[in-house]
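What follows is a short report on a single structure.
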2 protein chains.
Amino acid sequence: MHPYRRIVEDVRRRIESGELRPGDRVPSARAITQEWGVAIATATRAHAALREEGLTVARAGVGTVVAGPAPRKEHELTRERIVATAVEVADRLGLAELTMRRLAAELGAATMSLYRYVPSRDELIVAMIDKALGEIRLPRRHPGGWRPAIELAARQEWAVFQRHPWLGSSMSITRPQIAPNGIRLSEWVLAAFDDTELDLEERMYAQIVLFTFVRGVASALEPEAEAIRETGLTNEQWLQTQESTLTELMDTNGMSHFQQLTEDGFDFGLDLVFEFGLARMLDGLSLFVRARG
Amino acid sequence: MHPYRRIVEDVRRRIESGELRPGDRVPSARAITQEWGVAIATATRAHAALREEGLTVARAGVGTVVAGPAPRKEHELTRERIVATAVEVADRLGLAELTMRRLAAELGAATMSLYRYVPSRDELIVAMIDKALGEIRLPRRHPGGWRPAIELAARQEWAVFQRHPWLGSSMSITRPQIAPNGIRLSEWVLAAFDDTELDLEERMYAQIVLFTFVRGVASALEPEAEAIRETGLTNEQWLQTQESTLTELMDTNGMSHFQQLTEDGFDFGLDLVFEFGLARMLDGLSLFVRARG
DNA sequence: TACACCAACGTACACCGTACGCAGAAGGAG
DNA sequence: CTCCTTCTGCGTACGGTGTACGTTGGTGTA
């Protein structure tokens, strides 16, 4: 038996015993020369044999690695992990506070290491958008009729925007960042109109308008969250600090409506804005769909 | 005749001849002692007499100055001028490129000089918002019925947003920056519903929803302008560069609607989005108003 | 042994907003 | 005349940003 067979068998045993798991690095050629007391040529032959049997794959610059779906080492730097952590940081601290340095610190890595996996901060944000949109779960079949379907989509979007306050202000309509999950969502909404007479262009406009509205409401979320973080004031408290300026302004200009509004107190909530706007929007769309039908 | 009278008359003549204009600095006490060969006490008395006659005002730290609405020297540093220039720069270069240093350079002043007139960049932006909103011209009387009025307001807003692409993304609803012109606009819209049965809270929601929609569409303007500046590509050209990625994505997921849309070509424009959305919104609002009436 | 490759990283650059404090000119009081 | 206060304008410096560039130490392979 050639000496390299012994090495192969040893390694195979380690893999089968679970000592070495998919994605782990098998001893390098240098390490083999040390461990088994052989020449590097022998070690190389062992590597080749392992590779031939499909037990391992050679990854250039990284080493020979046990084949199979790698079960993600916890602290390995990975595009996936970077994006996930970035989302988490942005949710917690706001997009402005998501700096490459802070993100690296959060990951326990050096700043520049991130640039191996992400070409720039901007592209990282695109990846974050895609990940966030991926949370939207829509049934394969559209629930009865276009209106419930559209409403469902809008509510899902709104929910995601709320979970990720930074999302609304970072998405663009005119230049849709190529986020696969965004496109999937679009397709679903377009298809939701299949039971209407709307042509494709009209559907597209309906879709964009809906989305624009939801995002419009949502883009108030980030500044608000940021303001609360920074000043520690809730919205109401803040309004009170501004009250003197406001009343002075109103007094000098005779703004009766506004004045009464602040006197009566105004129960303001983005959720209510969303609900009110969505209802009007769907009503208006209904009229349009009916006119086409 | 006291010698100081001669000085007063000399100065008066200079003012009336137009040699000295409102806002210009009259000779300082020191300068007077030089020019007229008098003691400083005399010069001070001349100043006092001029001030008493209302010809001049003493501005501490600046000098004695000809009274009247100063016709703004062209290159004097002024909050007004700073804000106007800032708006102009932001229109041209985008809000991100509006740095205090660049603004100062544009004004021919040192960076820190600006902070005499503007407490911070953030507050400068608030002032810019107010100035931009000031361009909105609405008739004192609302044109027949709530719907034309609201439509007019929305169109005016849209026009301003188009002229100032940075505006949409910098305004907040939940924490309305106290911009007098913004409040004036609000008041006008609230009053526009006077011929309906909507209560104040409903009007406020209607207003916010309308505004949110317009701003939502508008917030696509800044990124687009920026993208054009940066890459020099128009929207269509850019879409073409992305086409391969896009079609690949579509092919693998069977997105028939999306696919057909890109094949047929899709005539996309923010203006059309605005028109479509506004029409639906107003229709929806109509239903609501009628239900209340 | 030489080579090409790769992850990870440290350093450095240009730029940002703005705190701080100084220089200089002015009017006014003593 | 001298001192004081007030005002504009400004220079310098600090702590932050994104990221270009080059180095280090490991790899498989010829």
Side-chain angles (χ1 to χ4, degrees), chain A residues 25-33 39-51 56-65 73 75-79 81-82 86 95-105 107-125, chain B residues 25-33 39-41 43-48 50-51 56-65 73 75-79 81-82 86 95-105 107-125:
Chain A
R25 266 165 38 199
V26 141
S28 76
R30 271 90 171 165
I32 289 179
T33 62
I40 196 166
T42 309
T44 306
R45 205 176 309 171
H47 272 169
L50 284 165
R51 206 164 49 239
T56 64
V57 290
R59 248 189 275 168
V62 107
T64 297
V65 141
K73 286 207 191 150
H75 287 299
E76 199 180 6
L77 214 47
T78 265
R79 188 185 159 98
R81 201 163 79 91
I82 290 176
L95 199 56
E97 294 296 310
L98 176 70
T99 70
M100 298 305 272
R101 287 184 227 277
R102 161 166 261 137
L103 180 55
L107 287 159
T111 307
M112 291 312 290
S113 311
L114 308 187
Y115 284 93
R116 286 282 154 198
Y117 303 90
V118 159
S120 72
R121 185 173 182 271
D122 283 348
E123 295 230 23
L124 168 63
I125 292 178
Chain B
R25 264 165 41 198
V26 140
S28 77
R30 269 90 171 166
I32 288 179
T33 63
I40 196 165
T44 307
R45 204 176 312 169
H47 271 169
L50 283 165
R51 207 164 48 239
T56 64
V57 290
R59 247 190 276 165
V62 130
T64 297
V65 141
K73 285 209 189 145
H75 288 301
E76 198 180 7
L77 213 47
T78 265
R79 187 186 158 98
R81 201 163 80 90
I82 291 176
L95 199 56
E97 293 297 308
L98 176 70
T99 71
M100 298 306 272
R101 288 183 227 274
R102 162 166 263 139
L103 180 55
L107 286 158
T111 308
M112 290 312 289
S113 313
L114 309 186
Y115 282 93
R116 290 282 155 196
Y117 303 90
V118 159
S120 73
R121 184 173 183 270
D122 284 348
E123 295 230 22
L124 168 65
I125 292 179

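Chain A is the first sequence line, chain B the second, and so forth, proteins listed ahead of strands; every chain is numbered from 1.
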Whole-Å distance, B:Asp122 CG to C:dC16 P, equals 16 Å

Tell me what B:Ser113 touches on the nucleic acid: a base, only sugar-phosphate, or nothing, going by heavy atoms under 4.0 Å. base

Grab the N/O contacts between the protein and nucleotides 21-24 of chain D below 3.5 Å, and write none if there aren't any.
none

Closest to the side chain of A:Tyr117, out of C:dA8, D:dT19, C:dA26, is C:dA8

Considering only heavy side-chain atoms of A:Arg30, the closest of C:dA8, D:dC10, D:dG28 is D:dG28

Of all heavy-atom pairs linking A:Val26 and A:His47, the shortest is CG1-NE2, 3.9 Å

From NE2 of A:His47 across to C1' of D:dT27 the rounded distance in Å is 10 Å

Applying side-chain contact (heavy atoms from CB on, under 4.5 Å) to A:Ala105 and not counting sequence neighbours gives none

Closest non-hydrogen contact found for A:Ile32 with A:Ala43 is CG2-CB, 3.5 Å

Sorted by chain and number, sequence neighbours left out, side-chain contact (heavy atoms from CB on, under 4.5 Å) with A:Ala46 holds for A:Tyr4, A:Ile7, A:Val8

Closest non-hydrogen atoms of B:Leu77 and B:Ala109, given as atom of the first, atom of the second and distance, are CD2-CB, 4.0 Å

Between B:Arg51 and B:Pro119, the residue closer to the 5' end of DNA chain C by nearest nucleotide is B:Pro119

When every non-hydrogen atom of A:Arg51 is compared with those of A:Val57, the smallest separation belongs to CG-CA, 4.4 Å

In whole angstroms, the gap separating C1' of C:dG27 from CZ of B:Arg25 amounts to 12 Å

Closest heavy-atom pair, B:Thr33 versus B:Ala39, reported as atoms and distance to 0.1 Å, is CG2-C, 3.7 Å

Show each protein N/O and nucleotides 15-17 of chain D N/O combination with a separation under 3.5 Å, one pair to a line.
unit_1: D:dT17; atom_1: OP1; unit_2: A:Thr99; atom_2: OG1; d: 3.3

Judged by nearest nucleotide, the residue sitting upstream toward the 5' end of DNA chain C, A:Ala110 or B:Pro27, is A:Ala110

Sorted by chain and residue number, the side chain to side chain donor-acceptor pair (under 3.5 Å) partners of B:Arg102 (sequence neighbours excluded) come out as B:Glu97

Looking only at side-chain N and O atoms, does A:Ser28 come under 4.0 Å of OP1 or OP2 in D:dT27?
yes

Student check: side-chain heavy atoms of A:Arg81 and A:Tyr117 closer than 4.5 Å | no

A:Ile82 CD1 to C:dC9 C1', in whole Å, measures 14 Å

Can you check whether B:Tyr115 has a side-chain N or O nearer than 4.0 Å to OP1 or OP2 of D:dT8? no

One would report the end-axis bend of the helix from C:dT1-D:dA30 to C:dG30-D:dC1, five pairs per end and rounded to 10 degrees, as 40°

So what does A:Thr111 touch, heavy atoms closer than 4.0 Å: a base, only the sugar-phosphate, or nothing?
-> base

Contact check, side chains of B:Leu124 and B:Leu114, non-hydrogen atoms, under 4.5 Å: no

Between CG of B:Leu107 and C1' of D:dG9 the distance, given in whole Å, is 13 Å

Rounded to whole Å, the CG-P distance (B:Leu50 to C:dA26) equals 17 Å

